[in-house]
Amino acid sequence: MSEAHSDSFDLKDLYDEDIDPDPESRADRAKRFLEMNVVAPARIAVDDWRALVGGAILAFFLLMGTVGVWLVERPTSGDAPVLAAPFESLAYPLGTDVFGQPIHAQLIHATPGMFKMIFAGAVVSVGFAALVGVVAGFEHGTRIDSFLMTITDVVITIPGLPLIIVITAIFQPENPYIVGVFLGIDNWPGLARTVRSQVLSIREESYVEASEIMGIPLSSILRRDILSQLMPYVMINGALTSRRIIFESVGLYFLGILPFTTFNWGVMMNLAYEGNALTRPDMLPWMVAPMVCIFLLSFGLVLLSQGLDSLFNVRLRARHAKTSKKGTSKNNQSQATGGD
Amino acid sequence: MTPKYLLKRLGQAILTFLVTMTVSFLLYQAMPGGPTEAMRSVILSQSGGSVDIDRLNRMIQLYTNVNPDQPMHVQYFNYASDVILRQDLGTSFFKNEKVTTLIMQRIPWSMFISVYALALGYSLSIFLGVMTAYREKSRFDSTVSSLIIGLNSIPYYIVGVVLIYFLAIQNNYFPTGGRIGSGIAAGYNPEFMLSLVKHAALPAISMGALATSGALAMRGNAIRVLGEDYIRVAQLRGLRETRIATQYLGHNSILPMYTQFMIGIAGVFSSAVIVEEVFAYPGMGLLMFEAVKTQDYPLLMGTLIVFTAISLTAIFIADLTYTLIDPRISVGEE
């Protein structure tokens, strides 16, 4: 890098990256891709306990929502004795509720709906935020930018929960995907602002400027230089948005504002709370079990979002990857220093 | 403080209010089957018997200020002028009283717990953020940070339920709900005041839990500020630790948090809906909850509009104080 002709050499290298005149073998490329995108993050994840624990919790709930639903029968009233105590029978390890439905089965059958809601809500809010943020950041200073930011500020200051309550009270959504979309409505503006300011600072970076000077089309710049830098923010905020959607959806079910059509942790809490579970020790498991689930799932998401922070650190990842082509590592190095 | 900055913020607040009002009008129109169809059964169950369509529309106009008979823009104009010029949000279906009257009775109670929650949550998150940053990587830091992460994983209403269980049911420290003890005369006597505070304490604490989410961001900011030269200079000058922590570290690390705190105001205010239901605390949130349960649409829209108006006012007031703590704002930026 210290030679006088290093500049032109670097440029050529970059160009070679783009048009790939001498493609390496497919196996090599696949190996390198795997190394950079799977093995290295996994190694960092093992080092960072937060990502590991968060991922494990999330995986546990995912299993619960897929395999668990298949293993454990859908609970119906009268399956078991009413209000059985927990940890006494293998058929209902967490006890039963006032209808004789095993609590663990209710928890398990509520999970798929929960994930559908989180998925829809996170996709809508994060996708919308990324779109608004990138467009506004790129059109900085124009009318489009100020228009988008005005809308963002308006939505930020409208109290989200009352708005969602009014909307759900009127439309009574039963499909978990639609509930998720409604909840996503007030979750995007904060992230949109972050994405915009990130785009603004990335645009100033020299490598983006270099790409512009080299005449690389805008779509490639967006994809290669900007989106790759934004992914960490989007992923981390995706985890935090998911947590908010859990809080709000369970809260609305707990209040009894959303229609009780499926099993849901909030519905369990609502029925238990209305039945004065707090003053009746035999009903307490019915109330506590969903509360523990909500805590664990959100705790997992918070940990994961913090662990992802180091997972997406390009420099850390490059250090953990063993096989990397000379050109790639150089490329990564410049990105890593640029990203700071 | 520059008038331009304030004017801009004021304009934004007004715009937000108008948008909310328009949204509530549009929601009336978007009701499944249209406003007439959607509200017919509710009104019929109230007045009994059958009414012809004209009378129904007139009643809807009476209750909601929206007359489905008129063309859309006339409806909107009438609705907007009722809300803005006459502060008329319609009449409740079930309580047969003006929505504004009903809401006005509840506002002080909601404001009481919300403001306490904000003060509690924000001062705690600023304090903990600065303290953990100052003692970075110590045992105090790791304990408090993990506690905050744990607390942020618990929804505030569950915090409320847990508080009720341990502090009100298992031990009789606090009442389980309501806003004032029975048989206590209102007035400036100590008994009344104590009962007031005791009833508000648990709701305020559980809403405050929501506001502590800023502590970790505050810690991150404070750690960044700690690396600045002026902190080092202050230490070399031999200033007292407390003075460095509050005036140098605290003051400078709050600045970037300010917008986040202001945005948080809306969140804390709206959390009242769930918390008040858990504690059976008769504020605006509980009113909104009752409106949902009885399909009392005028009351529902009214609470939405008033919630927005209160949040906007609070955020605007916070904006005014921002100019006091950030000297740069008086120069006028952006």
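Here is how names work: the chains are called A, B, and so on, in the same order as the sequence lines, proteins then strands, and each is numbered from 1.
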Legend entry - Interface moiety of Phe17(B) toward chain A, non-hydrogen atoms closer than 4.5 Å: neither
Inset, instruction - May I ask you to check whether Phe254(A) and Tyr273(A) place their ring centers less than 6.0 Å from one another? - result: yes
Legend entry - Per-residue contact mode, Val302(A) against chain B (heavy atom under 4.5 angstrom): side chain
Inset, instruction - Below 4.5 Å from any heavy atom of chain A, which atoms of Met288(B) appear? Answer side chain, backbone, both or neither. - result: side chain
Inset, instruction - Tell me, for Ala30(B) versus chain A, whether the close heavy atoms (under 4.5 Å) come from the side chain, the backbone, both or neither. - result: both
Legend entry - chain A interface, residue from Val292(B), Ile158(B), Leu15(B) that has the most non-hydrogen pairs under 4.5 Å: Ile158(B)
Legend entry - Closest-packed option against chain A by number of heavy-atom pairs under 4.5 Å, given Gly267(B), Gly150(B), Ser24(B): Gly150(B)
Inset, instruction - Ignoring hydrogens and angles, state whether a donor on the side chain of Ser271(B) or Tyr157(B) is under 3.5 Å from an acceptor on the partner side chain. - result: no
Legend entry - Under 3.5 Å: donor-acceptor pair, side chain of Asp145(A), backbone of Gly141(A): yes
Inset, instruction - Measure distances from Leu27(B) to the heavy atoms of chain A and classify the residue's part below 4.5 Å as side chain, backbone, both or neither. - result: both
Inset, instruction - Can you tell which part of Phe289(B) gets under 4.5 Å to a heavy atom of chain A, answering side chain, backbone, both or neither? - result: side chain
Inset, instruction - Check whether any side-chain N or O of Trp265(A) sits under 3.5 Å from a backbone N or O of Leu107(A) as a donor-acceptor pair, and report yes or no. - result: yes
Inset, instruction - Before giving the answer on salt bridge (Lys or Arg N to Asp or Glu O under 4.0 Å), spell out for Arg244(A) and Asp186(A) the whole-Å C-alpha distance, their side-chain angles and the decisive distance to 0.1 Å. - result: CA-CA 10 Å; Arg244(A) 272 189 71 171; Asp186(A) 85 318; 3.7 Å; yes
Legend entry - Interchain contact, Val23(B) with chain A, by part (heavy-atom threshold 4.5 Å): side chain
Inset, instruction - Please flag which part of Val161(B) lies under 4.5 Å from any non-hydrogen atom of chain A: side chain, backbone, both or neither. - result: both
Inset, instruction - Would you mind checking which part of Val250(A) comes under 4.5 Å of any heavy atom in chain B, side chain (CB onward), backbone (N, CA, C, O), both or neither? - result: both
Inset, instruction - Side chain from CB out, backbone as N, CA, C, O: work out which of these in Ile274(B) comes under 4.5 Å of a heavy atom of chain A, or both, or neither. - result: both
Legend entry - Most contacts with chain B, counted as non-hydrogen pairs under 4.5 angstrom, among Pro162(A), Ala169(A), Ser298(A): Pro162(A)
Legend entry - Part of Thr308(B) within contact of chain A (heavy atom distance under 4.5 Å): both
Inset, instruction - Describe, in one word, how the ring planes of Tyr281(B) and Trp109(B) are oriented to each other, choosing from parallel (under 30°), tilted (30 to 60°) and perpendicular (over 60°). - result: perpendicular
Inset, instruction - Specify the closest pair of heavy atoms between Ile245(A) and Ile118(A), including all atoms of both residues, with the distance to one decimal. - result: CG2-CA, 4.1 Å
Legend entry - Part of Ile315(B) within contact of chain A (heavy atom distance under 4.5 Å): side chain
Legend entry - Contacting moiety of Leu216(B), where chain A heavy atoms sit under 4.5 Å: side chain
Inset, instruction - May I ask you to check whether over 12 heavy atoms, not counting those of Phe260(A), lie within 6.0 Å of atom CZ? - result: yes
Legend entry - Side-chain donor or acceptor of Ser153(B) paired with backbone N/O of Phe295(A) under 3.5 Å: no
Legend entry - Residue among Met301(B), Gln12(B), Gln295(B) with most heavy-atom pairs under 4.5 Å to chain A: Gln12(B)
Legend entry - Per-residue contact mode, Ile246(A) against chain B (heavy atom under 4.5 angstrom): backbone
Inset, instruction - Hey, could you give me the CG/CG distance between Asn152(B) and Leu301(A), rounded to the nearest 0.5 Å? - result: 13.0 Å
Legend entry - Thr132(B) side-chain N/O to Asp141(B) backbone N/O, donor-acceptor pair under 3.5 Å: no
